[in-house]
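The chain is numbered in sequence order, starting from 1. Quantities reported herein were computed from a predicted structural model and do not represent experimental measurements.
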Amino acid sequence: WNLTFTATHEHNSLVNIQRITGMNKSEKQEKWAADRVQYIRGLKSPNEQQKLMLVLTEKADKTAQDIKTLSLLIQAEQAAEKAQEARTKVMNLIQAEKRAEARAARKARDHALYQSAGLLIMAGLVDSQTGKPVDDTAALLGALASLNDLSRDNPKWSDWKIRGNELLNSNKLDRNT
């Protein structure tokens with residue numbers, strides 16, 4: 001009985017909307033209006049316009065003013081739906097842009113990490129085939145941590161920079177030949 005009541009109620013809503021508007025709407029528009037009424041019935045807190053739309057849709061004897069008001073309310077609901085769709089599209093676009101920016105940042109970070117790993121390979125500290133340290137991992141980490149603890153104004157840093165430039169230049173030459 002409940003299914004019959006629901007189907008009959010939906011049919012009555014559709015008939016009411018068709019009769020109320022007095023317009024010869026297409027089936028698609030009529031279905032939209034009936035579906036929207038069902039959607040509004042399912043809302044926990046419909047707004048005042050939506051409440052009025054439900055009241056007028058279910059009203060048996062409508063005045064000319066009721067029909068005009070209901071027609072305007074239907075137009076307002078269509079506009080609200082279109083506005084919501086536009087907001088959703090904008091939010092999706094913004095989220096897609098944010099995801100693209102995050103992906104580009106991740107890609108740049110990954111590239112920098114690969115370059116850092118390449119420096120360890122060029123220094124002979126990491127095997128280029130396996131990607132594993134040539135020496136004991138703890139010893140390598142301890143050496144790098146000690147290097148980091150060394151003051152940046154220590155003259156060793158300028159010596160290491162000269163040696164590093166030589167290695168980088170020789171690597172460039174090796175790749176070009």
Side-chain angles (χ1 to χ4, degrees), residues 1-122 126 128-133 137 141 144-145 148 152 164 168 171-172 175:
W1 181 83
N2 193 18
L3 292 176
T4 307
F5 174 75
T6 303
T8 304
H9 194 68
E10 286 178 20
H11 175 73
N12 288 343
S13 294
L14 180 61
V15 169
N16 281 342
I17 289 170
Q18 291 170 349
R19 191 184 60 218
I20 313 170
T21 58
M23 297 181 223
N24 193 7
K25 290 187 174 183
S26 70
E27 282 185 28
K28 186 175 180 181
Q29 289 172 322
E30 291 167 0
K31 181 169 178 6
W32 180 91
D35 289 347
R36 193 63 175 186
V37 166
Q38 284 304 108
Y39 166 77
I40 293 169
R41 280 192 185 110
L43 293 176
K44 288 182 181 178
S45 303
N47 64 33
E48 291 301 316
Q49 287 180 337
Q50 292 168 334
K51 289 176 186 175
L52 181 58
M53 185 173 166
L54 290 177
V55 168
L56 290 176
T57 300
E58 294 169 359
K59 187 175 180 182
D61 298 323
K62 294 172 190 58
T63 65
Q65 185 60 40
D66 291 342
I67 293 169
K68 183 177 180 180
T69 302
L70 184 59
S71 178
L72 291 173
L73 288 170
I74 290 171
Q75 289 175 13
E77 277 299 306
Q78 288 173 329
E81 184 180 58
K82 285 181 183 180
Q84 182 57 44
E85 288 171 0
R87 281 190 296 276
T88 301
K89 286 179 183 178
V90 167
M91 289 307 297
N92 288 341
L93 180 62
I94 290 169
Q95 291 301 320
E97 289 174 359
K98 286 181 181 179
R99 283 190 302 272
E101 288 173 7
R103 191 176 16 239
R106 249 188 338 273
K107 186 176 179 178
R109 179 183 175 273
D110 290 349
H111 183 70
L113 288 171
Y114 290 131
Q115 286 179 323
S116 296
L119 294 174
L120 293 172
I121 291 169
M122 287 175 64
V126 173
S128 65
Q129 297 301 312
T130 64
K132 295 181 180 181
T137 304
L141 180 59
L144 292 171
N148 188 47
R152 298 300 191 257
L168 287 170
N171 188 41
K172 286 180 185 174
R175 277 193 272 155

Taking only residues two or more places apart in sequence, or in another chain, which ones meet [X] in a side-chain contact (heavy atoms from CB on, under 4.5 Å)?
X	value
Thr130	Asp127, Lys132
Thr88	Gln84, Asn92
Ile121	Val126, Ser128
Leu73	Gln49, Leu52, Met53, Leu56, Thr69

* **side-chain hydrogen bond (donor to acceptor under 3.5 Å, both in side chains) contacts in which one or both residues fall within residues 107-122, not counting sequence neighbours** => His111-Gln115

Contacts of [X] that satisfy side chain to side chain donor-acceptor pair (under 3.5 Å) - sequence neighbours left out:
X	result
Thr63	Asp66
Glu101	none
Asn148	Arg152
Asn47	none

* **Worked check of side-chain contact (heavy atoms from CB on, under 4.5 Å) between Ile40 and Glu77** => CA-CA 10 Å; Ile40 293 169; Glu77 277 299 306; 3.9 Å; yes

* What's the spacing between Leu93 CG and Lys98 NZ if we round to 0.5 Å? -> 11.5 Å

* **Distance, nearest 0.5 Å, that separates OG1 of Thr57 from CD of Gln50** => 11.5 Å

* Structure fact -> In short, salt bridge (Lys or Arg N to Asp or Glu O under 4.0 Å) pairs touching residues 80-95 with sequence neighbours left out are Arg36-Glu81

* To do: Name all pairs fulfilling the salt bridge (Lys or Arg N to Asp or Glu O under 4.0 Å) condition that reach into residues 47-57, sequence neighbours left out, sorted by first residue then second.
  => Glu48-Lys51

